[in-house]
Amino acid sequence: MQTKVSPIFQVFERQHSDAKGLFLALGKQIKSKKAIELLAKMEFMELYCNLLGKIHFEKESLKFDIFSPFKKFQKNLRKIHHFKLVERNILDREKKTKQTFNSYHLYLDKQKKKLYNESFDLVVGSTLKSWDELYQNAQHASKGLKPLAINSAINQIIQEELDFIKLDLKASLDSKALKEIFDALKTIIMLENLLIHLGFNPIFVPSIHEEINLLKNSLKPWYSNQLCLQSLTHFLAEKENASKKYLDWTNELTVQKKLLSSQAEKQAHLLFDKLV
C-alpha cells in the first residue's frame, strides 16, 4: 500500500511552483522585484525543510541536505534585497534634501553590476535538476506525516525561536541581536499562519499576534537604516575627504538608529515579558 503524502505538502508544492517560475524568469534578466519575491518563497521552503528535519529527528542532517544546494543563491537574493533597501534610502534622501549623491550612486552601481552578474551566472549555470530534487526529497519526507507530529514540530520550532529571543533580551540589544529577533519573528509568523492554514489552533491569542506584527514592523525601518548606515560607512571609508552632506547624513542615520533601536527594544521587552 502506497503511503499518502501529508496535506501540508500542498503548501510547499505551491511555494515551490511559484519559486521555480520566478527562478526561470531571473534566467532571462535579474530584476530586483522578482528576486525579492523569490527570496520570500525560498525562506518558506527552507523553513519547511527545517520542519521536516524536526519531524524526522532521527535523520539529523535531513534539513541541511534537502535545502543546501540553494544556500548560496539564497544568500545572493538576500543581498539584492538589501541593495534595494539601500537604493530606496538614497532616493528618499535626495528627495528630502534636494541634494545629489553622484559619487555614492557610482559606488553603488559598481557593486550592483557585480552582484547582479554573479546572481545571473548562478541562475544560468545551474539546472532545473536541483529544483526537481528538492521537490522529490520534500515530497518523500512528507509522506505519512501525522497531524500531531506536524503540530508538535511547529510548536517546537516556535519555542526555540522564543528561547533565542528571551536570551537576547537578557542583555542590551545590539544590532546582531535585533536582526536575530527580526528573523525569529518572521519565522514565528510564518509558522503560526501555517498552523491556522492546516486547521490547528494558533499558539498565540489575537492580541499577542498583533503585538508580534507591530514589533516586526517596527524593526523594518531599523533594518533599512542599519543597512544604509553600513553601506554608507563602507563608501566613506574609501574616500580621503568626505563632503559635509555625506557626514551629515551619516550622523542623522546614527541618531535615527539609536532611536529606532530603543523603540524596538522597549516593544520587545513589553511583548516578551508577557510570554515568560
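None of the values given here were measured: they were computed from a predicted structure.
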(request) If a pair satisfies side-chain hydrogen bond (donor to acceptor under 3.5 Å, both in side chains) and one of its residues is in residues 215-224, list it, with sequence neighbours excluded. (result) H82-Y223, N89-S224, S218-Q267, W222-S261
(message) Is a donor from one side chain sitting under 3.5 angstrom from an acceptor on the other, for K54 and S152?
(response) no
(request) Output all residues satisfying side-chain hydrogen bond (donor to acceptor under 3.5 Å, both in side chains) with K71, sequence neighbours left out; order by chain, then residue number. (result) E46
(request) Tell me, please, which residues at least two apart from Q99 pass side-chain hydrogen bond (donor to acceptor under 3.5 Å, both in side chains). (result) T97
Extract all donor-acceptor atom pairs below 3.5 Å that involve side chains of residues 26-40 and protein atoms in other chains or at least two apart in sequence.
none

(request) Apply side-chain hydrogen bond (donor to acceptor under 3.5 Å, both in side chains) to the pair Y107 and S231, showing each step before the final yes or no. (result) CA-CA 10 Å; Y107 170 82; S231 172; 5.3 Å; no
(request) Establish, for the pair K113 and Y116, whether the NZ or CZ atom is under 6.0 angstrom from the six-membered ring centre and no further than 45 degrees off its axis. (result) no
(message) Taking E13's backbone N and O only, do any of them form a donor-acceptor pair with S17's side chain (distance below 3.5 Å, no angle check)?
(response) no
(message) Are K257 and L178 packed together at the side-chain level, in the sense that at least one heavy-atom pair is separated by less than 4.5 angstrom?
(response) no
(message) Could you check whether D132 and Q136, counting side-chain N and O atoms only, form a donor-acceptor pair closer than 3.5 Å?
(response) no
(request) Answer yes or no: is there a side-chain heavy-atom contact under 4.5 Å between L162 and I158? (result) yes
(message) To the closest 0.5 Å, what do you measure between CZ (F235) and OG1 (T250)?
(response) 9.5 Å
(message) Main chain of N102, side chain of T100: is a donor-acceptor contact present, judged purely on distance under 3.5 Å?
(response) no
(message) Looking at K84 and K79, would you say the former's side chain and the latter's main chain have a donor-acceptor pair under 3.5 Å?
(response) no
(request) Walk me through it: do F67 and N137 pass the test side-chain contact (heavy atoms from CB on, under 4.5 Å)? (result) CA-CA 10 Å; F67 196 77; N137 290 331; over 6 Å; no
(request) Just grab all the side-chain hydrogen bond (donor to acceptor under 3.5 Å, both in side chains) pairs involving residues 117-129, residues at least two apart or on different chains. (result) N76-E118, N76-S119
(request) Drop me the distance from N213's CG to L185's CG, to the nearest 0.5 angstrom. (result) 9.0 Å
(request) Could you tell me the separation between the CD atom of E252 and the CG atom of L247, rounded to the nearest 0.5 Å? (result) 11.5 Å
(message) I'd like to know if the side chain of Q15 reaches the main chain of F44, judged simply by a donor and an acceptor atom lying under 3.5 Å from each other, with no hydrogens or angles considered.
(response) no
(request) Without swapping roles, check the side chain of Q226 against the backbone of S175 for a donor-acceptor pair under 3.5 Å. (result) no
(message) I need the Y104 OH to D109 CG distance, nearest 0.5 Å.
(response) 11.5 Å
(message) Would you say that L169 contacts F164 through its side chain, given a criterion of any heavy-atom pair below 4.5 Å between the two side chains?
(response) no
(request) Answer yes if the side chains of E192 and H197 hold a donor-acceptor pair under 3.5 Å, and no otherwise. (result) no
(message) If the threshold is 4.0 Å, N to carboxylate O, is there a salt bridge linking D92 and K96?
(response) no
(request) Give a yes or no answer on whether the side chain of H16 reaches the backbone of W131 with a donor-acceptor pair at less than 3.5 Å. (result) yes
(message) Are F70 and F23, when compared by the centres of their aromatic rings, separated by less than 6.0 Å?
(response) no
(request) Taking side-chain hydrogen bond (donor to acceptor under 3.5 Å, both in side chains) as the test, write out the residues that go with Q139, two or more places apart. (result) none
